[in-house]
Structures are given as structure tokens and as C-alpha cells.
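Below, each value reflects all heavy atoms present in this structure, side chains not excepted, and no hydrogens, waters or symmetry copies. Whatever order the structure lists them in is the order used to number ligands and atoms, beginning at 1. One is the number of the first residue; the rest follow in order along the sequence.
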Amino acid sequence: MTELILALDVLTREEAVYIADKTAPYLDAIKIGYPLVLGAGMKIVHEIAGLGLPLIADFKVADIPNTNKLITEHAFQAGFSAIIAQGFTGSDSVEACVETAHDYGGSCYVVSEMSHPGALEFLSGENAARIAKMAVECGADGIIAPATRPERVKALREIIGSKKILSPGVGAQGGDAKEIAPLIDGMIVGRSIYNAEDPAKAAEEYSFIRR
Ligand code: O7E
């Protein structure tokens with residue numbers, strides 16, 4: 001079974017509440033990041049949390065350890081149950097997020113390789129493999145790996161074993177849900193659900209990955 005995670009990258013409280021409410025029956029978690037928090041304020045987190053789904057904070061935390069700790073504390077106090085950190089900042093910064101997340105009883109995922117074409121310039125190949133290995137050594141709960149490159153997901157799986165892989169890039173970015181779902185633990189989908197005429201139907205169409 002692969003979890004379906006909605007990337008709720010809409011810009012207003014009204015859109016966010018409407019889409020989250022309609023799609024919730026087909027989701028395992030909701031990912032909230034800068035587009036929505038900057039648009040609607042952190043109070044939106046508390047409101048969406050009312051649906052009862054786990055909320056993942058996608059702030060791709062990428063700073064010195066102390067700042068990472070402060071950001072992570074803020075996220076968990078706001079109602080998130082997981083946080084995403086960048087891995088390229090190094091093990092001390094990643095450890096700050098992992099330890100703080102675990103102190104709050106939550107999870108931390110580390111971006112190893114990104115899904116867009118520009119990721120191939122710095123955030124892929126050997127660097128991504130090193131980040132994945134470091135994420136395991138730091139006690140992270142899993143990594144983020146690209147649904148746009150299934151062969152890379154397979155390679156990163158060899159490194160991280162049974163830790164979780166959450167994978168964005170299906171739909172709007174060209175990744176194939178059927179191909180990627182068996183390789184990962186959670187599929188992150190944004191535009192092809194929230195921009196659909198009927199977001200609930202679009203989310204339901206991805207339900208096959210959850211069986
Ligand atoms: O392309 P979409 O609309 O389906 O949205 C994908 C979401 O995943 C969006 O929020 C984007 O910021 C995020 N994402 C990627 O697309 N690629 C990555 O490599 C990493 C992420 C991401 O979410 O990282 C943390 C999970």
C-alpha cells in the first residue's frame with residue numbers, strides 16, 4: 001500500500017479548506033508549504049488539522065542547526081506531525097530537525113533528490129546518494145525522492161532500506177503514478193488534484209495506489 005499525500009499549494013484559506021474537505025476521504029496526509037502558509041497564515045494549519053489527517057510541514061528547512069531547531073519547534077507547535085528538511089546543509093543541521101521532530105513525537109523526512117530538471121545540476125547522482133546515506137545515519141524517518149526518475153528511486157531505496165520514501169512529481173511534472181507507486185511509501189500529488197474541475201474525483205482516481 002502506498003499513501004496518497006495531497007500537496008495543498010493553493011493560496012487562500014477558502015480554497016484550502018474547500019479542497020482539503022472534499023479530498024480528505026481519499027487521502028492519507030496533507031502537505032502544506034510556503035504557498036499556503038504565506039497566503040493564509042499559519043492559522044490555516046490548525047484549521048486543516050481539524051480534518052484529522054496527518055499534516056506534513058514542507059518548509060524544506062535548510063539552515064544552521066539552531067535555526068533549524070527553532071523552525072521545527074514552531075511547525076510542531078502549530079499542529080504539524082512531520083517536517084521536511086533539505087539534506088545538503090549537512091548532518092548537524094539535519095540532526096537538529098530529526099531530534100526536534102522526535103522530541104515532539106513526530107517525523108522528519110530529508111530531501112535527497114528533487115524532481116525538477118534543474119535538480120540534475122546539483123541535487124542528484126552521487127550527491128543524492130550521499131544525502132540519503134546521511135539521512136539514515138541521522139535517524140531520519142525517510143527521504144524525498146523524485147517520481148520523475150523511477151530508476152533513481154530504485155537506487156536510493158538500495159541505500160535507505162526500509163526507511164520511507166515520499167515521492168513528488170506525478171501528474172503535472174510528468175511522473176507516472178502506476179510506475180512509481182510500487183517503489184515508494186507515499187506519493188505526493190498537487191496540481192493534478194487541486195487544479196482539477198472535481199478535486200475529489202481526481203483524488204479518488206489515485207486511490208488504486210492505496211490498495
Ligand atoms: O507538481 P505538483 O503540483 O504535483 O506538486 C508537487 C509538490 O511536491 C509541490 O508542493 C512541490 O513543492 C513538491 N516537491 C516537488 O515537486 N519536487 C521535489 O523534489 C520536492 C518537493 C517536495 O515536496 O519536497 C518536500 C516533500
Side-chain angles (χ1 to χ4, degrees), residues 2-11 15-16 19-20 23 26-40 44-45 48 54-62 68 71-72 75 80-89 94 97-98 101 106-125 127-129 131-132 135 140-150 152-153 155-156 160 163-177 179-181 183-196 199 202-203 205-206 209:
T2 305
E3 295 192 340
L4 180 59
I5 302 163
L6 173 65
L8 192 55
D9 293 331
V10 294
L11 305 181
E15 285 174 285
I19 290 165
T23 55
Y26 311 106
L27 304 177
D28 298 290
I30 297 179
K31 180 178 83 73
I32 293 176
Y34 295 115
L36 180 56
V37 163
L38 294 176
I44 191 68
V45 179
I48 302 286
L55 300 185
I56 303 172
D58 181 10
F59 299 139
K60 296 190 181 69
V61 190
N68 276 8
I71 294 168
T72 306
F80 284 106
S81 53
I83 192 152
I84 292 164
Q86 284 286 11
F88 61 74
T89 47
V94 168
C97 291
V98 171
S107 311
C108 178
Y109 296 91
V110 176
V111 179
S112 295
E113 175 163 333
M114 295 190 74
S115 59
H116 61 306
L120 296 175
E121 294 166 22
F122 298 106
L123 260 191
S124 65
N127 284 343
I131 290 173
D141 299 273
I143 63 165
I144 308 298
T148 47
R149 292 181 216 103
R152 294 292 307 145
V153 172
L156 293 169
I160 66 153
K163 295 270 182 188
K164 288 190 175 178
I165 298 182
L166 307 186
S167 196
V170 159
Q173 296 181 54
D176 179 351
E179 189 180 1
I180 202 73
L183 308 176
I184 60 176
D185 303 281
M187 197 170 83
I188 298 170
V189 185
R191 285 165 287 180
S192 58
I193 294 177
Y194 68 72
N195 278 344
E205 281 168 9
Y206 284 112
I209 71 165

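Note: F80 and F59 have perpendicular aromatic rings, judged against thresholds of 30 and 60 degrees for the angle between ring planes.
Note: I5 CD1 to L166 CG = 4.5 Å, rounded to the nearest 0.5 Å. Separation of atoms OG1 (T23) and CG (L6) is listed at 5.0 Å; rounding is to 0.5 Å. Considering CD1 of I48 and CD1 of I19, their distance stands at 9.5 Å, rounded to 0.5 Å. Here the CD1 atom belonging to I188 is positioned 7.0 Å from the OG atom belonging to S167, to the nearest 0.5 angstrom.
Near ligand 1, heavy-atom contacts under 4.0 Å come from A7, D9, K31, D58, K60, I84, M114, S115, I144, P168, V170, Q173, I188, V189, G190, R191.
Under a 3.5 Å cut-off, the side chain of R149 and the backbone N or O of M114 do form a donor-acceptor pair.
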